[in-house]
Amino acid sequence: MTMPPAPLKAVTLVHVRYRRGDQLGHFLAWVSLVPVFISLGGFISHFIFRRELQGMFFALGLIISQFVNEFIKTSVQQARPETCVLLEMCDSHGWPSSHSQYMFFFSVYFSLMTYKGYGLFRRTSKWALHFWLWSLAFLTMYSRVYLGYHTVAQVFAGAILGAFLGAVWFWFVNSVLIVYFPAIEESAFGRMFYIKDTSHIPNVLKFEYDNARAARKNMAAKDN
């Protein structure tokens, strides 16, 4: 007697569906992938090229937030809307929305970073940056309802939880953990991977630009 084949399950990381011919749905399907782009493109590139402690702990907070989301989902076990049948997502839970939680955590933490003057962005350009950032956060939240993956209550729950966790994690990193940043820089791990903290530098881009120019001038003077 042959055993029936095991049911197949898709990798849902980029498995987003929309109605054929629905241009808005097509656009929102791409919008709902913003968390994936941030994680795979943004933070991996940051570690390769920047290796800033602020960015690393930012990424760690997002990972912790997603574990919290998964724990709550498996504990509450609230079903997704009926459209989950068409989306083949009924075997997973919907409350709270992980996409909304991710984007609101990211938006709150990033907004607080720019407000405090951390990172590469100047305070003069922060309003335009915040506009695009928060627009993406709300569009992501809307996309999950429009595409049928979540109810309105589920995306709002994710947004509120993400904003709360983002604010708490920012306070924890920059009030408790930041005093250990110099020790991490000077540790064997920090020296091996060139881990650094530039929280104390008001304008990181200008600082790096000036130092790069000064180093080039020094090398040219030595060659002469």
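For the numbers below, each heavy atom of this structure counts, side chains included, while hydrogens, waters and symmetry mates do not.
- Remark: Tyr109 pairs with no residue by the side chain to side chain donor-acceptor pair (under 3.5 Å) rule, at least two apart or across chains.
- In the hydrophobic cluster analysis, where Ile, Leu, Val, Met, Phe, Trp and Tyr join through side-chain heavy atoms closer than 4.5 angstrom, Ile63 is grouped apart from Val173.
- Residues Thr198 and Phe207 are not in side-chain contact: their nearest non-hydrogen atoms beyond the backbone lie 4.5 Å or more apart.
- Residues Thr74 and His93 have side chains that never bring a donor and an acceptor to within less than 3.5 angstrom of each other.
- Note: the hydrophobic cluster containing Ile64 also contains Phe172 (ILVMFWY, side chain heavy atoms under 4.5 Å, direct or indirect links).
- Of all heavy-atom pairs spanning Tyr149 and Arg80, the tightest one is O-NH1, 2.9 Å.
- Ser107 contributes a side-chain N or O that, together with a main-chain N or O of Met103, makes up a donor-acceptor pair within less than 3.5 Å.
- Taking each heavy atom of Tyr146 and Gly25 in turn, the nearest pair found is CE2-CA, 3.6 Å.
- Under the 3.5 Å distance criterion, with hydrogens and angles disregarded, no donor-acceptor pair is assigned to the side chains of Gln154 and Ser97.
- Rounding to the nearest 0.5 angstrom, the gap separating the CH2 atom in Trp95 from the OG atom in Ser75 is 10.0 Å.
- Not a single side chain to side chain donor-acceptor pair (under 3.5 Å) links Thr151 to another residue, sequence neighbours left out.
- Note: the hydrophobic cluster containing Phe67 does not contain Phe71 (ILVMFWY, side chain heavy atoms under 4.5 Å, direct or indirect links).
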Atom pairs and distances, side-chain donor-acceptor, residues 161-171, under 3.5 Å, sequence neighbours left out:
residue: Trp169; atom: NE1; partner: Phe57; partner atom: O; Å: 2.7
residue: Trp171; atom: NE1; partner: Ser175; partner atom: OG; Å: 3.3

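- Put simply, the side chain of Asn69 gets close to the backbone of Pro96: a donor and an acceptor are under 3.5 Å apart.
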Would you list the atom pairs, donor with acceptor, under 3.5 Å between side chains in residues 135-145 and any protein atom, with sequence neighbours excluded?
residue: Ser135; atom: OG; partner: Phe131; partner atom: O; Å: 2.6
residue: Thr140; atom: OG1; partner: Leu136; partner atom: O; Å: 2.7
residue: Ser143; atom: OG; partner: Thr140; partner atom: O; Å: 2.7

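- At least one cation-pi condition fails for Arg51 and Phe49: the charged atom is not both under 6.0 angstrom from the six-membered ring centre and inside a 45 degree cone around its axis.
- Annotation: side chain to side chain donor-acceptor pair (under 3.5 Å) contacts of Glu70 (sequence neighbours excluded): none.
- Nearest approach of Pro35 to His99, heavy atoms of both residues: CG-CD2, 4.1 Å.
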Exercise answer: donor-acceptor pairs, residues 183-194 side-chain atoms, under 3.5 Å, sequence neighbours excluded:
residue: Glu185; atom: OE2; partner: Asp197; partner atom: N; Å: 2.7
residue: Glu186; atom: OE1; partner: Arg191; partner atom: NH2; Å: 2.6
residue: Ser187; atom: OG; partner: Ile184; partner atom: O; Å: 2.7
residue: Ser187; atom: OG; partner: Gly190; partner atom: N; Å: 3.1
residue: Arg191; atom: NE; partner: Glu186; partner atom: O; Å: 3.2

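- Under the 4.5 Å side-chain criterion, counting only non-hydrogen atoms from C-beta, Thr114 is in contact with His130.
- Residue-environment remark: CZ (Phe37) exceeds the threshold of 12 foreign heavy atoms within 6.0 Å.
- Under a hydrophobic-cluster definition in which Ile, Leu, Val, Met, Phe, Trp and Tyr are linked whenever side-chain heavy atoms come within less than 4.5 Å, directly or via other members, Trp132 and Phe110 are assigned to different clusters.
- Residues Trp134 and Ser111 meet the side-chain proximity criterion, which asks for heavy atoms closer than 4.5 Å.
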